[in-house]
Each structure stands twice: as structure tokens, then as C-alpha cells.
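As C-alpha cells, the structure follows; a few thoughts come after it.
Below, read A as the first sequence line, B as the second, and so on, with proteins coming before strands; counting in each chain starts at 1. Just so it is clear, the model here is predicted, and its values are computed rather than measured. Side chains included, hydrogens not; waters and symmetry mates left out as well; all remaining heavy atoms used.
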Amino acid sequence: MATNLFNWLKQSVLGRSSCKRCLELLELITDEEASPEEVKHFHNHINECLPCYESYNLEKSIKEMLQTKLEKKQVPDDLIQSIKLKIRNNL
Amino acid sequence: MSVEKVKQSYSDVQKEKIFETEFLPHINSMYNFAYRLTFDEDDAKDLVQETYLKAFRFLNSFQQGTNAKAWLFRILKNSFINDFRKKSKQPPKIDYQEVETYYNSDSVDVSMTTDLRVETVQHMIGDEVSNALNALAVDFRTVIILCDLEGFTYEEMSKILDIPIGTVRSRLHRSRNLLKEKLQTYAKSMGYNK
Ligand SMILES: [Zn+2]
């Protein structure tokens with residue numbers, strides 16, 4: 001039930017132009033590509049609009065998830081040596 | 001960044017120095033990018049090596065002190081597309097429906113297509129995240145890696161991928177929606193998000 005209510009709220013705010021603008025800015029904000037005015041506008045809006053605030057948190061948490069949870073592979077030991085050797089032979 | 005720029009003429013000593021101080025420090029990122037493109041450690045090694053050898057061969061087109069990481073990523077991505085994908089025994093993993101849907105949607109739509117919740121995302125473990133990302137077609141996967149994992153700006157991505165910034169944005173948006181769908185499907189199958 002709570003989910004349905006939330007969806008209904010989401011649907012109803014989509015019609016609001018300030019929300020539309022806010023969602024257009026969303027990725028610019030989380031990617032740090034927005035201008036200072038856009039950042040200000042965005043934060044003013046999400047302070048008053050729960051659905052947009054939720055969308056913002058989701059976007060941020062996905063980005064964070066990608067940055068922190070993906071395993072980083074170690075470069076194989078011999079790779080750098082092998083590259084250097086081939087370069088030296090080319091000099 | 002581009003080849004049209006003034007050619008430099010570095011001495012061998014300078015070349016070696018640029019290579020050591022500006023190129024090699026990015027090898028971790030390069031290797032991880034290569035691995036996320038090829039899904040194979042040996043292929044990733046070959047791709048990184050090929051990229052570094054090319055970078056060295058074309059070093060005179062590189063201006064010292066400029067954005068080496070973006071330059072290297074561009075070479076790697078081009079090597080992957082032009083040489084590597086053809087040589088590779090594995091057929092390219094493309095989800096045609098995804099590609100088609102993407103190319104048919106010309107603008108950045110703002111629809112909220114997902115019921116995915118922050119708590120669900122926070123509970124995901126590395127393998128689940130990895131599987132979701134790896135399930136995306138390579139063009140979609142690439143923009144997420146460049147933006148979210150490597151922190152490139154839209155402008156840098158535009159140069160690395162040879163596409164306009166508007167396309168970078170719409171492709172990112174589409175990729176993120178697809179990723180959310182994958183995560184959501186996974187969450188449902190695990191019984192989260194009731
Ligand atoms: Zn709103």
C-alpha cells in the first residue's frame with residue numbers, strides 16, 4: 001500500500017513543472033556538472049519536495065554503490081615490466 | 001587531446017619521462033577499464049599493453065602536462081572497438097533491444113521508471129552490482145564506468161567517446177535507467193522491495 005501511495009505521489013508530481021526541471025537537473029547535480037544557480041535552484045526545490053528528494057537520494061546512493069562496492073582488480077605484476085621492455089626496445 | 005594539434009618533438013629521455021610520470025600512473029584505472037570491457041584478464045592485459053605501446057608511438061601528438069588519463073582512455077576505447085572486438089573469439093555481447101530503445105529515444109526523458117529504493121541499493125553486495133553493470137551493452141556500460149567509476153567530466157567523456165556532450169548526457173541517463181532496471185529485477189528475485 002505504501003508503495004502504491006508513493007507511486008501515485010510520483011505520478012502526480014511529474015505534472016509539476018518545477019519537479020520536471022528538478023529531475024532534469026538531477027544527474028547534473030550528482031555528476032557535479034551543474035552551475036551554481038542550478039545547484040541552488042535544485043536544493044531549494046528538494047527541501048520542499050519529498051519525491052524529488054527521494055530521487056536525489058537514490059541517484060546518489062547508486063553512484064556511491066558503484067564507487068565503493070565494485071571490486072578493483074590488481075594490475076598483474078608482469079604487465080608494467082612487459083610494457084617497459086617493449087618500449088625500451090623501440091627507443 | 002586530438003591528433004590535429006601541433007606535433008611535439010620530444011627527445012628519447014623526455015619521452016621516457018612522460019611515459020613514466022604521466023602515463024604509467026594510470027595503469028590501474030586502465031587495467032580495470034579494460035577488464036570491464038573484455039571480462040577476461042589476459043584480454044585486459046593485451047588491451048592495456050597495446051594501448052600503452054600506441055600511446056608511446058604517438059607520443060608526439062601528446063602535449064606534456066595535458067590530460068593524459070583522458071588521452072589514454074580514448075586510445076584504449078578505440079583499440080577495443082577497432083582491433084580488439086574484431087579479433088576476440090567472443091561475439092560482442094549486445095542486447096539489441098536495449099540499443100534500439102536507446103537510439104529511438106532522442107531526448108533526455110525524466111520519467112521515474114523505477115521503484116528501486118535507497119535501502120535496497122545500500123544492501124547490494126559487490127557481485128550483485130558487478131553483474132548488473134556487466135549485463136549492460138558495452139556502450140552503456142562504458143559511460144557509467146567513465147563517469148561514476150573514473151570521475152571523468154562530460155566534456156572529457158565527449159572527447160574520449162567522440163560524441164557530443166548532449167549525447168553523453170542522454171546515453172548516461174539511459175544507461176542509469178537500464179542499470180536501475182537490472183538492480184530492481186535482481187532485488188525482486190531476492191525478495192527485497194516487498
Ligand atoms: Zn519535486
Exercise. Has B/Glu119 got more than 12 heavy atoms of other residues, nucleotides or ligands less than 6.0 Å from its CD?
Worked result: yes

For this session: Flag the pair A/Glu24 and B/Arg169 as a salt bridge only when some basic side-chain nitrogen lies within less than 4.0 angstrom of an acidic carboxylate oxygen.
Result: no

For this session: Locate the shortest heavy-atom distance separating A/Ile83 from B/Leu53; write the atom from each residue and the value.
Result: O-CD2, 4.3 Å

Exercise. Salt bridge between B/Glu41 and A/Lys73, side-chain N to carboxylate O under 4.0 Å?
Worked result: yes

For this session: Report the option among A/Lys60, A/Glu59, A/Glu32 that has the most heavy-atom pairs separated by less than 4.5 Å from atoms of chain B.
Result: A/Glu59

For this session: Name the member of B/Asp148, B/Leu179, B/Leu183, B/Asn28 that forms the most heavy-atom pairs with chain A at distances under 4.5 Å.
Result: B/Asp148

For this session: For side chain to side chain donor-acceptor pair (under 3.5 Å), just list the numbers for B/Gln49 and A/Ser82, CA-CA rounded to whole Å, side-chain angles, deciding distance to a tenth of an Å, and then say yes or no.
Result: CA-CA 8 Å; B/Gln49 174 152 302; A/Ser82 150; 2.5 Å; yes

Exercise. Is the count of non-hydrogen atoms from other residues, nucleotides or ligands lying under 6.0 Å from A/Lys72 atom NZ greater than 12?
Worked result: yes

Problem set entry | Interatomic distance, B/Glu20 atom CD to A/Ile80 atom CD1 [nearest 0.5 angstrom] | 9.0 Å

Exercise. So which part of B/Arg176 gets closer than 4.5 Å to some heavy atom of chain A, the side chain, the backbone, both or neither?
Worked result: side chain

Exercise. Can you name the closest pair of heavy atoms from B/Val129 and A/Met65 and give their distance?
Worked result: CG2-CG, 3.6 Å

Exercise. What's the shortest heavy-atom distance between A/Ile87 and B/Tyr52, and which atoms?
Worked result: CD1-O, 4.3 Å

Exercise. Just wondering, more than 12 heavy atoms not from B/His123 lying within 6.0 Å of its NE2?
Worked result: no

For this session: Answer whether the closest heavy-atom distance between the side chains of B/Lys45 and A/Pro76 falls below 4.5 Å.
Result: yes

Problem set entry | Pair B/Glu128 + A/Lys69, salt bridge at N-O below 4.0 Å | no

Problem set entry | Which portion of A/Leu28 sits near chain B, non-hydrogen atoms under 4.5 angstrom | both

Problem set entry | Part of A/Lys84 within contact of chain B (heavy atom distance under 4.5 Å) | side chain

Exercise. Quick check: are there more than 12 heavy atoms from other residues, nucleotides or ligands sitting under 6.0 Å from CG of A/Asp78?
Worked result: yes

Exercise. Checking heavy atoms, do the side chain of B/Tyr154, its backbone, both or neither come under 4.5 Å from chain A?
Worked result: both

Problem set entry | Top contributor to chain A interface from B/Asp127, B/Ile27, B/Ile125, B/Ile145 [non-hydrogen pairs under 4.5 Å] | B/Ile27

Problem set entry | Flag side-chain contact, heavy atom, 4.5 Å: A/Asp31 against B/Thr153 | no

Problem set entry | A/Glu54 and B/Arg117, any side-chain heavy atoms less than 4.5 Å apart | no

For this session: Check each atom of A/Gln67 against the heavy atoms of chain B and say whether the ones under 4.5 Å are side chain, backbone, both or neither.
Result: both

Exercise. Do B/Gln122 and A/Ser61 have side-chain atoms, one donor and one acceptor, less than 3.5 Å apart?
Worked result: no

Exercise. What part of A/Thr68 is in contact with chain B, defined as an atom under 4.5 angstrom from a non-hydrogen atom: side chain, backbone, both or neither?
Worked result: neither

Exercise. At what distance, to the nearest 0.5 angstrom, does CG of A/Leu70 lie from CG of B/Asn32?
Worked result: 9.5 Å

Exercise. Linking I/L/V/M/F/W/Y whenever their side-chain heavy atoms sit closer than 4.5 Å, directly or via other members, would A/Tyr56 and A/Leu25 fall into one cluster?
Worked result: yes

For this session: Rounded to the nearest 0.5 Å, what's the gap from CD on A/Glu71 to OH on B/Tyr35? Could you check?
Result: 7.5 Å

For this session: Say whether A/Leu85 and B/Met30 are linked into one hydrophobic cluster, either directly or through other cluster members, by side-chain heavy-atom distances under 4.5 angstrom.
Result: no

Exercise. In this structure, are over 12 heavy atoms from other groups packed under 6.0 Å from B/Tyr10 atom OH?
Worked result: yes

